[in-house]
Amino acid sequence: MFESNKNNNHFNMTYALKTLVYLTNLWLKITIGIKKHKILLGTGVLIILLPLLVRFFIWQMVELEPEPITYANKTLEISQQKLNRNIELLNKKLIARRPKSYFLVINSSSNEFSLYKGCQLVKKDKCSTGSYILLKNGDQQQWMFKTPKGEFGIKGKTTAPVWKKPDWAFIEEGLPVPALNHYSRFEYGVLGDYALNLGQGYLIHGTLYQRFLGLPVTHGCIRLNDENLKLVNNALQIGSKVYIY
Amino acid sequence: MNKKSVLFLIAGSILTAFLLSVALAPLTKLNRIQQLILSNSEFIQQFDSTYYYPDLRMLSKELAYKQALLKLGASDSIQMALNLSDSSVMLSIKGVVIHQTKVQVLKKDKFFDKMPLEQEFSIFSNPLPIRKQVATIIKEPVVIRHAPKDTIEAAMNAWQPDTLVQNPAFAIFTTAFDIQIIFEQDTNKNFQDYRKKFGFYFQWYASKIKKSVLNFLRFKPQVYEPVIIIKIPANDLRTIYRALPAKPHLVVKL
């Protein structure tokens with residue numbers, strides 16, 4: 001198979017090279033015989049045209065694929081069946097990777113979420129994700145408010161969650177940072193009716209600022225409106241997949 | 001012949017040699033790939049020459065694509081798949097498709113049409129590592145804010161939420177085998193879009209010419225970079241570019 005391929009290349013290459021040598025000679029004859037400005041013009045045209053022409057000739061003349069060998073119909077049929085079987089097997093493996101139950105996909109660029117059940121889209125709507133704000137508190141401390149990307153699992157679910165404000169929540173409001181368990185750290189009702197824990201401090205929760213849904217405004221968490229939060233909370237169980245990109 | 005003519009003849013010959021070396025680069029590349037394949041005895045044994053038959057050609061391409069997708073799914077990070085047969089671009093994590101968009105306009109080099117099936121099968125049955133990403137899109141549109149000293153300063157600097165930076169979207173991904181995938185936003189609405197596009201392509205051509213000239217001066221073989229140009233909606237392009245990690249992989253079906 002490869003022998004015939006090489007011969008074919010060689011045959012066509014000879015023609016291609018002959019044509020190139022002819023064109024080069026022609027160009028030299030023309031350019032040496034005429035005035036300067038025409039030479040410059042000719043050179044300019046050549047710079048643009050020569051690679052294009054050569055490429056054109058190459059693609060016209062060179063045939064790298066070998067001549068098809070004649071096979072018996074039976075051989076082709078067996079090959080086709082084998083190919084179909086392999087493709088089907090790979091398809092099954094690929095489909096098996098998709099969760100069969102509910103899973104959530106978050107687009108942090110367009111601030112949208114899609115809830116799926118297997119291959120079926122259940123709901124697509126606005127959400128809010130990280131604002132990409134880098135909050136700097138002098139040279140010592142800084143926080144980046146972005147939503148992490150990748151595959152996550154629901155690690156826990158809470159009803160009527162209470163937000164324990166971290167240090168940055170006070171710093172960005174210009175307030176002094178209180179002690180670790182100071183009462184001012186605990187806020188009720190700001191996270192909505194449910195919170196789903198993605199780990200590393202990131203949650204899917206509700207919001208009081210529903211007008212900001214669809215915009216990148218959060219500190220890294222994912223905010224949904226009340227109706228969507230309820231739907232997602234009911235659909236996703238502990239261990240359900242959440243894909244963020 | 002006078003001195004000028006001799007000089008001109010030399011300059012012309014050098015220029016012609018340079019242009020020829022550039023023009024012949026695709027053939028050199030195809031031959032280099034062929035040599036790589038021939039040295040891979042395992043692949044030669046696996047590749048069935050009946051695949052060249054028109055009925056089996058599409059199936060063999062499909063098989064290569066699925067094999068590559070399966071290998072791509074082994075990775076934890078976000079990866080990209082490009083199916084030129086059904087004009088779609090996909091993002092996936094661990095084999096789960098998380099984003100899909102339709103290609104509006106597609107152009108590819110003649111190189112891909114001339115590529116023998118065995119080469120295509122060998123290259124595209126594996127995910128291609130993306131070695132370089134260049135884009136007009138800001139990967140992480142970070143906004144730096146300094147902590148206010150008190151509540152009054154915090155109120156004065158109250159931040160108004162807005163969408164992320166939405167500048168014109170053009171991107172080039174250079175993969176293994178020096179294949180360049182150029183993504184363009186499908187519509188250019190204003191002068192700024194056209195200016196950005198011109199600047200983007202100008203830089204791209206300039207770097208290509210610079211590379212070619214340097215290779216020629218150093219007597220190195222020219223590197224041919226086959227190109228696939230894809231136009232998709234700007235928002236999808238921004239999403240894809242921002243979603244991909246620093247060293248992503250790409251699966252292509254021609």
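Numbered from 1 within each chain, the chains take letters A, B, ... in sequence-line order.
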Between [atom1] on residue [X] and [atom2] on residue [Y], distance to nearest 0.5 Å:
{"X": "A:Leu104", "Y": "B:Ile98", "atom1": "CG", "atom2": "CD1", "answer": "11.5 Å"}
{"X": "A:Tyr245", "Y": "B:Ile240", "atom1": "OH", "atom2": "CD1", "answer": "9.0 Å"}
{"X": "B:Arg145", "Y": "A:Trp143", "atom1": "CZ", "atom2": "CH2", "answer": "13.0 Å"}
{"X": "B:Leu63", "Y": "A:Glu88", "atom1": "CG", "atom2": "CD", "answer": "12.5 Å"}
{"X": "B:Glu62", "Y": "A:Asn91", "atom1": "CD", "atom2": "CG", "answer": "7.0 Å"}
{"X": "A:Ile87", "Y": "B:Leu59", "atom1": "CD1", "atom2": "CG", "answer": "4.5 Å"}

Between B:Ser77, B:Ser92, B:Ser60, B:Pro245, the one whose heavy-atom pairs under 4.5 Å with chain A are most numerous: B:Ser60
Option that, when pairs with chain A are counted at under 4.5 Å, heavy atom only, ranks first among B:Asn235, B:Ile152, B:Asp150: B:Asp150
Can you give me the closest heavy-atom contact between [X] and [Y], atom names plus distance?
{"X": "A:Gly174", "Y": "B:Ala154", "value": "N-CB, 4.2 Å"}
{"X": "B:His146", "Y": "A:Leu135", "value": "C-CD1, 4.3 Å"}
{"X": "B:Ile78", "Y": "A:Gly150", "value": "CD1-N, 4.4 Å"}
{"X": "B:Pro148", "Y": "A:Glu172", "value": "CG-O, 3.5 Å"}

At a 4.5 Å cut-off on heavy atoms, which part of [X] comes close to chain A: side chain, backbone, both, or neither?
{"X": "B:Lys114", "result": "both"}
{"X": "B:Leu56", "result": "both"}
{"X": "B:Gln67", "result": "both"}
{"X": "B:Thr239", "result": "both"}
{"X": "B:Tyr241", "result": "neither"}
{"X": "B:Phe111", "result": "both"}
{"X": "B:Glu153", "result": "neither"}

Contacting region of [X] [heavy-atom separation from chain B under 4.5 Å]:
{"X": "A:Asn107", "answer": "side chain"}
{"X": "A:Gln80", "answer": "both"}
{"X": "A:Lys82", "answer": "neither"}
{"X": "A:Ile106", "answer": "neither"}
{"X": "A:Phe103", "answer": "side chain"}

For [X], does the [atom1] atom have more than 12 heavy-atom neighbours from other residues, nucleotides or ligands under 6.0 Å away?
{"X": "A:Lys117", "atom1": "NZ", "value": "no"}
{"X": "A:Gln120", "atom1": "CD", "value": "no"}
{"X": "B:Tyr201", "atom1": "OH", "value": "yes"}
{"X": "B:Lys71", "atom1": "NZ", "value": "yes"}

Criterion side-chain contact (heavy atoms from CB on, under 4.5 Å) on A:Arg97 and B:Leu70, from CA distance to verdict: CA-CA 9 Å; A:Arg97 298 209 163 172; B:Leu70 202 69; 4.3 Å; yes
Side-chain donor or acceptor of A:Lys149 paired with backbone N/O of B:Arg242 under 3.5 Å: yes
